[in-house]
Amino acid sequence: MNLPAKLTFLRKQKGLTQLELAEILNVSRQAVSRWEAGSAVPSTDNLKILSDLYGVSVDYLLDNGADDFRGNTENHRQEEKEQKWPESKKYRCALGCIVVLIMIIIGLVCSVLIPMRKQKQEIIPIGAMDTIIDDDYPVYTFSFDEG
């Protein structure tokens, strides 16, 4: 199937008239008619918009050997899934790392706070402390007087 036939087929499949498609692309109805007749080719920008609108790749539109519309759509969907997978994989990996870091921080905080709470000691003023007088030590006197 060639480009004009594909453009006609896809437009009708989408349920659009030439005028409606022309309004979407901001071109004249005659331009759409010339594309479908094969006397003109859409610009690169218009091909990109058409491929997005119809859910097919630009390669499919331009490749005269690609006649299977359904297979191309499946390939296009598969490509989209493959493009989204790395992003979701990165997101999951980042989320997992964040969860692990939070668990490590909680573990460290708990390992510091719990022992401190158990070691809590009562504060006693110095004046209230009992003093022990131990007289077992020898007492030496020192004097500067000769004698």
Side-chain angles (χ1 to χ4, degrees), residues 1-29 31-32 35-36 41-147:
M1 194 183 307
N2 59 12
L3 177 63
K6 289 177 187 175
L7 292 175
T8 305
F9 173 77
L10 292 169
R11 177 182 56 79
K12 289 180 179 178
Q13 180 114 10
K14 195 77 168 172
L16 296 172
T17 64
Q18 286 183 345
L19 181 60
E20 292 169 336
L21 180 60
E23 289 173 356
I24 292 170
L25 297 172
N26 200 24
V27 297
S28 67
R29 186 201 59 77
V32 174
W35 299 342
E36 292 181 359
V41 177
S43 69
T44 307
D45 292 335
N46 285 331
L47 281 171
K48 176 67 176 137
I49 295 169
L50 287 167
S51 73
D52 290 341
L53 178 68
Y54 296 144
V56 297
S57 67
V58 175
D59 288 341
Y60 167 75
L61 292 174
L62 296 176
D63 185 9
N64 288 339
D67 291 335
D68 187 14
F69 170 71
R70 294 173 201 253
N72 188 272
T73 302
E74 292 301 318
N75 290 340
H76 188 67
R77 289 182 185 150
Q78 183 65 27
E79 289 172 5
E80 287 177 356
K81 286 180 184 178
E82 289 172 0
Q83 289 173 357
K84 290 179 183 178
W85 170 246
E87 292 174 7
S88 64
K89 189 175 183 181
K90 288 178 186 175
Y91 173 76
R92 288 181 191 158
C93 183
L95 186 61
C97 290
I98 290 171
V99 168
V100 168
L101 285 174
I102 289 172
M103 292 176 70
I104 290 171
I105 290 170
I106 290 172
L108 289 173
V109 168
C110 289
S111 68
V112 169
L113 290 180
I114 291 174
M116 285 178 60
R117 196 169 197 178
K118 289 181 181 178
Q119 292 177 356
K120 189 175 181 183
Q121 297 177 354
E122 185 178 340
I123 299 174
I124 301 171
I126 292 177
M129 290 183 170
D130 294 332
T131 57
I132 301 172
I133 300 174
D134 195 6
D135 289 336
D136 292 342
Y137 296 107
V139 178
Y140 300 102
T141 57
F142 179 78
S143 169
F144 285 107
D145 295 334
E146 287 185 42

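Computation of the quantities below employed the complete heavy-atom set of this structure, encompassing side-chain atoms and omitting hydrogens, waters and symmetry-equivalent molecules.
Rounded to the nearest 0.5 angstrom, Gln18 CD and Lys12 NZ are separated by 8.5 Å. With values rounded to the nearest 0.5 angstrom, Ser57 atom OG is found 9.5 Å from Lys48 atom NZ. Atom SG in Cys97 sits 11.5 Å away from atom CD1 in Ile102 (nearest 0.5 Å). Rounding to the nearest 0.5 Å places CG of Asp63 at 5.5 Å from NZ of Lys6. Here the CG-OH distance, from Leu3 to Tyr60, works out to 10.0 Å after rounding to the nearest 0.5 Å.
Side-chain contact between Ile24 and Leu16 is present, with at least one heavy-atom pair separated by less than 4.5 Å. Two residues are said to be in side-chain contact when any heavy atoms from C-beta on lie closer than 4.5 Å; Val58 and Thr44 fail this criterion. Side chains of Val100 and Ile104 form a contact here, defined as non-hydrogen atoms less than 4.5 Å apart. Put simply, the side chain of Leu61 reaches to within 4.5 Å of the side chain of Leu10, judged on heavy atoms. Here the side chains of Leu7 and Pro42 are in contact, with some heavy-atom distance below 4.5 Å.
By the side-chain contact (heavy atoms from CB on, under 4.5 Å) test, Cys110 is found to be paired with Ile106, Ile114, residues two or more places apart in sequence or in another chain being considered. Scored by the salt bridge (charged side-chain N to carboxylate O under 4.0 Å, His left out) test, Lys14 finds no partners at all (sequence neighbours excluded). Partners of Ser43 according to the side chain to side chain donor-acceptor pair (under 3.5 Å) rule, which considers only residues two or more places apart in sequence or in another chain, are Asn46.
The two residues Glu20 and Gly15 come nearest to each other via the heavy atoms OE1-O, 3.9 Å. Residues Trp35 and Leu25 approach most closely at CZ3-CD1, 3.5 Å, considering heavy atoms.
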message: As a quick check of understanding, evaluate side chain to side chain contact (heavy atoms under 4.5 Å, CB included) for Leu21 and Leu53, giving each step before the final call.
response: CA-CA 10 Å; Leu21 180 60; Leu53 178 68; 3.6 Å; yes

